[in-house]
Participant: 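Have a look at the structure that comes next, please.
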There are 2 protein chains.
Amino acid sequence: MKKFFNVLKKCPLFFNIADNDLDRMLHCLGAKVVSFDKKYSVFTEGSSAKHIGIVLSGKVQMTRTDYYGNRSIISNATAGEIFGEAFACAEVGSIPVSAISLEPSEVMLIECSHILHTCTNNCGFHQQLIFNLMKELATKTLVFHQKLEITSKRTTREKLMTYLSICAKQVGSDSFDIPFDRQELADYLEVDRSGLSAEISKLRAQGVLETTKKHFELL
Amino acid sequence: MKKFFNVLKKCPLFFNIADNDLDRMLHCLGAKVVSFDKKYSVFTEGSSAKHIGIVLSGKVQMTRTDYYGNRSIISNATAGEIFGEAFACAEVGSIPVSAISLEPSEVMLIECSHILHTCTNNCGFHQQLIFNLMKELATKTLVFHQKLEITSKRTTREKLMTYLSICAKQVGSDSFDIPFDRQELADYLEVDRSGLSAEISKLRAQGVLETTKKHFELL
DNA sequence: AAAAGTATGTTGAATTTTCAACAAAATCGG
DNA sequence: CCGATTTTGTTGAAAATTCAACATACTTTT
């Protein structure tokens, strides 16, 4: 596990956990590392929701696909980020979303009950873990509010501009990269891809923005 | 505070807290009760996010209104339910939503830092409170997933049917009441009210459902 | 370097939504 | 109980989205 310590130290779940406690803790939690090739499922919609995932390397995407085949992208997670924690913490039977690896990825899986319910060894770090988990859940809720703010807009143009404005604000610059290609961006904004492309062209023609591939610049 | 004990005992924040501890605890937390007339703001968009709200009586609605005046309804909270906890827990500067009383309401406000950071009295219930808060945040995330599932649908008809199906499932019956009037339902589904009314009429004509006011029946 | 596959942009037709305006029904206040 | 207000339903026109089909650009593989 040692080789992942640099990533884990950045993971909010382990905030305030001393370095030399980490190894013992992971053992106590029964943490395991699993590798996934590109486009493999980490979690499948409908499967049981016992584990919290932590991305160690690569990229994992949370999606849902409805009855008619419309894919909806919930979020992307990269190294150090947590996913699936809400379903595991709420102790629901099955997950309403899928998690797939966008690249070859390594993922740490921790059974959530090991975090929530104090082990017999009385390790003493459970309280800190639960506190960290709570913080993470609160932060994730804010991310959802942001996504709702974006998708509640009524037109493709407004959705896109709201999303790009948030990106610019987060980066602190009008020039930035987004983590989505065009189809993914459409699935994140919940709009039609070709309509999105058309709208981007229009915005470019009107001098509102410049873009090449995943790079955007607001003018 | 005694007169609210029946409500507070049903509040998930106080799960597993002994009855005779509750009074002392509320005092220690600096909980205060505030009354609001109909249509008053409990929280205003942009204000600081320090307090968790608990509805003691009445009804509180979380909304956001965008630049163009489109109102978006996030959720309704009735007696025993918590609101605003995510912003307080995440310790963000300001709230991105408003909370307004739909009826004359009484609300308990607790400064979140009093829950998160152990007090000098060493009361010993903070760990349980934090655990409960974590559970609540996880549950709320599931509610958000549900709202996203609904609003990610592309047509008014699909959004409505998805929402009604979820209602029916929760109640365990095809006959149920919804907590929204038509305008509120439209704002929750993020669609135009008149379009929603037209769609409901169509569904009625097609024998898919029956409805009078807030009562719906799926056929 | 060519071929195959993938991603992006473009277009027009069909569908759907929004918007505005109004009528009818229900509710509220005195 | 009546008048005033609010809610709901209806309609048609304008705007926007979706859908399908295709052309072009870009990547990857062999």
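Per chain, numbering begins at 1; letters A, B, ... match sequence-line order.
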Participant: For the pair F216(A) and F176(A), name the ring-plane relationship: parallel under 30°, tilted 30 to 60°, perpendicular over 60°.
Facilitator: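 Parallel: the ring planes of F216(A) and F176(A) meet at under 30°.
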Participant: Scan side-chain atoms only and decide if T151(A) and E190(A) contain a donor-acceptor pair under the 3.5 Å cut-off.
Facilitator: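 No - no donor-acceptor pair under 3.5 Å links their side chains.
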Participant: At what distance, to the nearest 0.5 angstrom, does CG of L160(A) lie from CG of L203(A)?
Facilitator: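 Between atom CG of L160(A) and atom CG of L203(A) there are 6.0 Å.
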Participant: Using five pairs at each end of the helix from dA1(C)-dT30(D) to dG30(C)-dC1(D) to define an axis, what is the angle between those two axes, to 10°?
Facilitator: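 Here the local axes at opposite ends form an angle of 60°.
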Participant: Check side-chain hydrogen bond (donor to acceptor under 3.5 Å, both in side chains) between D177(B) and all other residues, then give those that pass, not counting sequence neighbours.
Facilitator: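 Scan of D177(B) (side-chain hydrogen bond (donor to acceptor under 3.5 Å, both in side chains), adjacent residues dropped) gives H215(B).
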Participant: Relative to the ring of F43(B), is the ring of F83(B) parallel (under 30°), tilted (30 to 60°) or perpendicular (over 60°)?
Facilitator: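 The arrangement is tilted - the two ring planes meet at 30° to 60°.
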Participant: Starting at atom CG of L196(B), determine the distance to atom C1' of dT11(D), rounded to an integer number of angstrom.
Facilitator: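 After rounding, the gap between these two atoms is 16 Å.
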Participant: Hey, are E106(A) and S57(A) close enough side-chain-wise for a donor-acceptor pair under 3.5 Å?
Facilitator: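 Note: S57(A) and E106(A) side chains meet the donor-acceptor criterion.
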Participant: Under 3.5 Å, is there a donor-acceptor pair between the side chain of R182(B) and the main chain of K213(B)?
Facilitator: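 Yes, R182(B) side chain to K213(B) backbone: donor-acceptor pair under 3.5 Å.
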Participant: In residues 147-162 of chain B, which ones come under 4.0 Å of DNA chain C, going by heavy atoms?
Facilitator: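 Going residue by residue through residues 147-162 of chain B, the ones with a heavy atom under 4.0 Å of DNA chain C turn out to be T155(B), T156(B).
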Participant: Atom CD of E190(B) to atom P of dT18(C): distance rounded to whole Å?
Facilitator: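 Checked: the CD to P distance equals 10 Å.
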Participant: Rounded to the nearest angstrom, tell me the gap between atom NZ in K214(A) and atom C1' in dT8(C).
Facilitator: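 For the pair K214(A) NZ and dT8(C) C1', the rounded distance is 13 Å.
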Participant: Between D187(A) (CG) and dT17(D) (C1'), how many Å, whole number?
Facilitator: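 About 15 Å, once rounded to whole Å.
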Participant: Is the NZ or CZ atom of K135(B) both under 6.0 Å from the centre of the six-membered ring of F15(B) and within 45° of that ring's axis?
Facilitator: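 Relative to the ring axis of F15(B), which defines the angle, K135(B) lies outside at least one limit.
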Participant: Round to the nearest Å and state the distance from E199(A) atom CD to dT11(C) atom P.
Facilitator: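 Distance, rounded to whole Å: 14 Å.
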Participant: Less than 4.0 angstrom from a charged side-chain N to a carboxylate O is my criterion; do R157(B) and E199(B) meet it?
Facilitator: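 Judged by the 4.0 Å cut-off on N to carboxylate O distance, R157(B) and E199(B) do form a salt bridge.
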Participant: Which residue lies toward the 5' end of DNA chain C, K38(B) or N70(B), if each is placed at its nearest nucleotide?
Facilitator: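 Mapping each residue to its closest nucleotide by heavy atoms, the 5'-most match is N70(B).
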Participant: Reading nucleotides 20-30 of chain D from the 5' end, what letters show protein touch, with B for base, S for backbone sugar-phosphate only, - for no heavy atom under 4.0 Å?
Facilitator: B------S---
Participant: Nearest-Å distance, CG (L102(A)) to C1' (dA7(C))?
Facilitator: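 Distance, rounded to whole Å: 15 Å.
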Participant: Ignoring hydrogens and geometry, is there a side-chain-to-backbone donor-acceptor pair from T44(B) to S98(B) under 3.5 Å?
Facilitator: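 Side chain of T44(B) to backbone of S98(B): no pair is present.
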Participant: Near DNA chain C, under 4.0 Å by heavy atom, which residues of residues 179-186 of chain A?
Facilitator: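 Residues of residues 179-186 of chain A under 4.0 Å from DNA chain C: D181(A), R182(A), Q183(A).
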Participant: Identify whether any heavy atom of S201(A) sits under 4.0 Å from a base atom; if not, whether one sits that close to sugar-phosphate; answer base, sugar-phosphate or nothing.
Facilitator: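 The residue S201(A) makes sugar-phosphate contact but no base contact.
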Participant: Do side-chain atoms of S101(A) reach the backbone of D37(A) as a donor and acceptor pair under 3.5 angstrom?
Facilitator: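 Such a contact is found between S101(A) side chain and D37(A) backbone.
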Participant: Indicate whether any N or O donor in one side chain lies under 3.5 Å from an N or O acceptor in the other, for E136(A) and T139(A).
Facilitator: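 Note: E136(A) and T139(A) side chains miss the donor-acceptor criterion.
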Participant: Run the side-chain hydrogen bond (donor to acceptor under 3.5 Å, both in side chains) test against Q61(B) and tell me which residues pass, sequence neighbours left out.
Facilitator: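 Testing Q61(B) for side-chain hydrogen bond (donor to acceptor under 3.5 Å, both in side chains), a comparison that skips the adjacent residues, returns N76(B), E184(B).
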Participant: Please compare I200(B) and V191(A) by the position of their nearest nucleotide in DNA chain D and report the one closer to 5'.
Facilitator: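 With I200(B) and V191(A) compared, the 5'-side residue is I200(B).
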Participant: Quick check for you: to the nearest 0.5 Å, what is the distance between E85(A) atom CD and H51(A) atom NE2?
Facilitator: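 One gets 14.5 Å once the value is rounded to the nearest 0.5 Å.
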